[in-house]
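Index from 1, following the sequence. The basis for the numbers below is simple: all heavy atoms, side chains too, and nothing from hydrogens, waters or symmetry mates.
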Amino acid sequence: QVQLVESGGGLVQAGDSLRLSCAASGRTFSNYAMGWFRQAPGKEREFVATISWGGRTIYYADSVKGRFTISRDNAKNTVYLQMNSLKPEDTAVYYCAADRWTRVNVNYDYWGQGTQVTVSS
């Protein structure tokens with residue numbers, strides 16, 4: 001089992017920045033690819049970004065490319081999502097997830113409880 005706890009969400013204005021963190025515990029963090037996803041009210045959960053276990057492979061959704069940056073610190077068992085130039089359409093609950101494979105879909109094995117990000121216009 002891998003336990004994941006997100007933090008860093010909040011209420012910001014359009015154009016602001018936030019950094020989300022996801023702390024992992026349980027099995028060896030460095031064995032897992034880590035992903036960020038989001039779910040807005042009334043919408044399906046969608047892929048945001050993912051990073052391979054060693055950090056060499058990274059993918060982003062087109063909607064966040066150039067604004068968001070995913071990174072990880074395996075020594076701290078933590079993955080980050082730096083979000084810049086936030087837009088109201090980025091408003092959602094953000095989830096981190098862990099899986100053996102670097103996926104761009106929602107089929108991850110382990111999920112956190114989510115953290116709310118609200119961007120006002």
Donor-acceptor under 3.5 Å (Arg100 side chain, Asp109 main chain): no

hydrophobic_cluster_shared for Trp36 and Val2, side chain cutoff 4.5 Å: yes

Heavy-atom side-chain proximity of Arg67 to Lys87 below 4.5 angstrom: yes

Reported OG-to-CG distance for the pair Ser25 and Asn77, which is rounded to 0.5 angstrom: 8.0 Å

Minimum side-chain heavy-atom gap Asp99-Tyr32 below 4.5 Å: no

Under 3.5 Å: donor-acceptor pair, side chain of Thr78, backbone of Lys76: yes

From Ser21 atom OG to Asp73 atom CG, the distance as rounded to the nearest 0.5 Å: 10.5 Å

Centroid-centroid under 6.0 Å between Trp111 and Phe37 rings: yes

Heavy-atom side-chain contact between Phe68 and Asp90 under 4.5 Å: yes

Joint cluster assignment, Val79 & Tyr59, ILVMFWY side-chain distance < 4.5 Å: no

Student check: side-chain heavy atoms of Tyr108 and Thr50 closer than 4.5 Å: yes

Shared hydrophobic cluster for Val117 and Ile70 (ILVMFWY, side-chain gaps under 4.5 Å): yes

Salt bridge flag under 4.0 Å for residues Lys65 and Asp62: yes

Donor-acceptor contact present, side-chain Thr115 to main-chain Gly9, <3.5 Å: yes

Check: Leu4 and Met34 side chains under 4.5 Å, non-hydrogen atoms: yes

Any side-chain heavy-atom pair of Val48 and Tyr60 under 4.5 Å: no

Cluster check Leu11, Leu86: I/L/V/M/F/W/Y, side chain < 4.5 angstrom: no

Same cluster (ILVMFWY, side-chain, under 4.5 Å), Ile58 and Val64: yes

NZ or CZ of Arg19 within 45° of Tyr80 ring axis and under 6.0 Å: yes

Exam field: side chain Thr91 to backbone Val119, donor-acceptor pair closer than 3.5 Å: yes

Tyr95 six-ring centre to Arg38 NZ/CZ under 6.0 Å and within 45° of normal: no

Which atom of Leu81 lies closest to which atom of Tyr94, heavy atoms considered: CD2-CD2, 4.2 Å

Working for side chain to side chain contact (heavy atoms under 4.5 Å, CB included), residues Ser17 and Gln82: CA-CA 7 Å; Ser17 298; Gln82 177 67 42; 3.9 Å; yes

Within-4.5 Å side-chain heavy-atom neighbours: Val12 and Thr118: no

Side chain proximity check, Val5 to Gln113, heavy atoms < 4.5 angstrom: yes

Main-chain N/O of Gly114 paired with Glu6 side-chain donor or acceptor, under 3.5 Å: yes

Contact summary for Ala14 and Ser121, nearest pair of heavy atoms: CB-CA, 4.4 Å

Phe29 six-ring face occupied by Arg72 cation (under 6.0 Å, within 45°): yes

